[in-house]
Amino acid sequence: MALDKPYVDIPGTTIFDAEQSRKGYWLNQFCMSLMKAENRVRFKAGERAYLDEWPMSEAQKQAVLDRDLNRAISLGGNIYFLAKIGATDGKSFQQMAGSMTGMSEEEYRDMMIRGGRSPEGNRHLGEDGDAQPQHQPQGAAGRKNKEA
Amino acid sequence: MARISASVYTSHVPAIGAAIDHGKTGEDYWKPVFAGYDFSKQWMKDNKPDVIFLVYNDHATAFSLELIPTFAIGTAAQFKPADEGYGARPVPTVIGHPELASHIAQSVIQDDFDLTIVNRMDVDHGLTVPLSLMCGQPEAWPCPVIPFAVNVVQYPVPSGRRCFQLGQAIRRAVESYDEPLNVQIWGTGGMSHQLQGARAGLINAPWDNAFLDRLIADPAGQSEVPHVEYVREAGSEGIELVMWLIARGAMSDVAGGPAPMVRHRFYHVPASNTAVGHLILENG
């Protein structure tokens, strides 16, 4: 019998469940290794060589090299683990979270100061809120795409 | 006999810890957050407990994917602040209470809750930020702390109902301890926030405030709310709020006592990506 997953119809949201965790095990464990200062130094000195020490898929390695957090999450990454890459890069959690929306750092920060993203239209896939797939990327990047 | 005198609830945003550690609490962005805890710091001085039982979650710090305990109780003599990738926070080492922690572990496990017992563990911002918010920047924390880590990172996380029932078992455990200790129980994390994907930055102030109302007045009802409502309404990381139900379940009204007194309530948006909520409830 299939597992009950009532959370798959929420837009822009990946729930880190047992299946995602299994897919992302080595990706997340690689991230965990960056908690040690000497590993951060080795990673920064040669990212590709460091990643090749881990039994990760090529797609997972490329997502890390590209710092594409959305892709990394779709491949089993979890944000609390991926945040170790951001810490290695000297990025704040707000910069990391914002990077997944397509908004610039300023646009995302301003959205938070204005009270954050509204849940209206963002509860179920098929609605029309700003987190829906048809409205990506968000911010100036998205407006530029529409004009082009 | 030991007793639980009060429960405290607060968000544990890492950026709040960074603001304290880097002397930014007076900046315009942070002032309104810390103003919400002025009362609380004085209240802590006036109502200093003997032990704090602190419910929080580890954020891929002490627990990687190698080991994922649903409920873990810290029974060690001390716990070091963790290096989460930015260097360890410059805060005091957390002194534990091994005697009470072991007593609670034994009692709660015999009460059918399968806790994991942890004798070596570093503690991350989930535990140290609430201490900083409530106690400021002391040389040493005011009392011993029992860390109680809940898995809210990998699904499925424990249900609200399970958390609420566990809180009731913790109250029974504390009350069966012979020494007359004054114990506070803290529930931390939340409120609405989402740190991932195109929906990052979600905040739901009406839902958060309804949660606070119901946590105070109808915690049993709130405990029946399923996970998916937290995720849909309060963001994927808003699920941390189930931990507040552990602390709420330990209050005496749940076992037939008088309703708790609401000593303090505070809500503010934003702190980084997150809505900050805070409550202090005293047993009547």
Side-chain angles (χ1 to χ4, degrees), chain A residues 6-7 10-18 20-21 24-25 28-29 31-32 34-37 40 69-70 73 78-84 86-88 90 92-94 96-103 108 111-113 115-119 122-124 129-133 135-138, chain B residues 13-15 18 28-29 57-66 68 82-87 122 124-126 152-157 192-207 226-239 269-275:
Chain A
Y7 42 77
I10 304 175
T13 304
T14 305
I15 295 303
F16 186 67
D17 58 15
Q20 288 297 108
S21 182
Y25 181 77
N28 291 313
Q29 293 300 85
C31 293
M32 207 68 197
L34 298 177
M35 301 267 290
K36 288 197 174 129
R40 293 197 286 269
L69 296 182
N70 281 327
I73 285 173
N78 170 271
I79 188 58
Y80 291 122
F81 290 84
L82 297 171
K84 317 296 181 195
T88 302
S92 72
F93 228 113
Q94 185 164 89
M96 286 182 254
S99 80
M100 289 179 270
T101 67
M103 280 186 261
Y108 183 84
M111 175 182 79
M112 294 315 303
I113 289 172
R117 178 190 307 284
S118 168
N122 291 325
R123 292 184 173 90
H124 299 267
D130 52 9
Q132 297 285 346
H135 296 310
Q136 305 312 308
Q138 299 162 46
Chain B
V13 186
D28 287 346
Y29 183 92
N57 68 289
D58 179 81
H59 304 76
T61 305
F63 302 117
S64 71
L65 294 185
E66 288 179 6
I68 308 166
D83 178 353
E84 299 176 54
Y86 303 92
D122 288 351
D124 74 10
H125 68 268
V152 291
V153 172
Q154 177 172 325
Y155 274 64
V157 311
S192 57
H193 65 306
Q194 174 152 339
L195 303 176
Q196 51 128 343
R199 214 168 71 124
L202 184 117
I203 298 286
N204 192 342
W207 192 91
H227 288 148
V228 68
E229 181 179 320
Y230 287 84
V231 178
R232 210 181 292 285
E233 297 291 337
S236 49
E237 279 63 54
I239 190 69
V269 176
S272 186
N273 304 290
T274 307

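Labels below follow one simple rule: chain letters A, B, ... track the order of the sequence lines, proteins then strands, and each chain is numbered from 1.
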Check: B:Gln154 and A:Asn78 side chains under 4.5 Å, non-hydrogen atoms: no
Which heavy atom of A:Met112 sits nearest a heavy atom of B:Thr274, and at what distance? CE-N, 4.4 Å
Under 3.5 Å donor-acceptor, A:Tyr7 side chain and B:His227 backbone: no
Please step through side-chain contact (heavy atoms from CB on, under 4.5 Å) for the pair B:Glu237 and A:Ile79, ending with a clear verdict. CA-CA 10 Å; B:Glu237 279 63 54; A:Ile79 188 58; 4.2 Å; yes
Going by salt bridge (charged side-chain N to carboxylate O under 4.0 Å, His left out), name the residues that satisfy it together with B:Glu84, two or more places apart in sequence or in a different chain. none
What's the spacing between B:Leu195 CG and A:Ile73 CD1 if we round to 0.5 Å? 9.5 Å
Would you call B:Glu66 and A:Tyr25 a side-chain contact if the rule is heavy atoms closer than 4.5 Å? yes
Is there side-chain contact between A:Ile113 and B:Tyr29, with heavy atoms separated by less than 4.5 Å? yes
Taking salt bridge (charged side-chain N to carboxylate O under 4.0 Å, His left out) as the test, write out the residues that go with B:Arg232, two or more places apart. A:Asp9
With respect to chain B, which residue among A:Thr101, A:Asn70, A:Thr14, A:Leu34 yields the maximal number of heavy-atom pairs within a distance under 4.5 Å? A:Thr14
Go through the atoms of A:Ser99 and report whether side chain, backbone, both or neither lie under 4.5 Å from a heavy atom of chain B. neither
Using heavy-atom distances under 4.5 Å, tell me whether A:Gln94 contacts chain B through its side chain, its backbone, both, or neither. both
What I'd like to find out is whether the side chain of B:Asn204 reaches to under 4.5 Å of the side chain of A:Arg123, using heavy atoms alone. yes
Contacting region of B:Thr61 [heavy-atom separation from chain A under 4.5 Å]: both
How long is the gap from CG on B:Leu65 to CG on A:Asn28, to the nearest 0.5 Å? 5.0 Å
What heavy-atom pair brings A:Lys84 and B:Ala60 nearest, and what distance separates the two atoms? NZ-O, 2.9 Å
Are A:Tyr80 and B:Asp58 linked by a side-chain donor-acceptor pair shorter than 3.5 Å? no
B:Ser236 and A:Thr13: which non-hydrogen atoms are nearest, and at how many Å? CB-CG2, 4.0 Å
Grab the two heavy atoms, one from B:Ala198 and one from A:Gln138, that are nearest each other, plus how far apart they are. O-NE2, 2.9 Å
So does A:Arg117 get a backbone contact from the side chain of B:Gln194, meaning a donor-acceptor N/O pair under 3.5 Å? no
Under a 4.5 Å cutoff for heavy-atom pairs, which residue among B:Ala18, B:Pro270, B:Pro14 has the most contacts with chain A? B:Pro270
For A:Phe81 against B:Phe63, the heavy-atom pair lying closest together: CZ-O, 4.5 Å
If you count heavy-atom pairs under 4.5 Å between each of A:Ala87, A:Gly24, A:Ala37 and chain B, which one has the most? A:Ala87
Smallest separation among heavy atoms of A:Ala97 and B:Ala200, with atom names: O-CB, 3.7 Å
Ranked by heavy-atom pairs below 4.5 Å to chain A, first place among B:Ile239, B:Asp83, B:Leu202 goes to B:Leu202
Let me know if A:Met96 has heavy atoms under 4.5 Å from chain B in its side chain, its backbone, both or neither. side chain
Segment of A:Ser118 engaging chain B (4.5 angstrom heavy-atom cut-off): backbone
Nearest 0.5 Å, please: how far is CZ in A:Phe93 from CG in B:Asn273? 7.5 Å
For the atom pair CG (A:Asp130) and CZ (B:Arg199), what is the distance rounded to the nearest 0.5 Å? 10.5 Å
So for A:Met111, is it side chain, backbone, both, or neither that comes closer than 4.5 Å to the heavy atoms of chain B? side chain
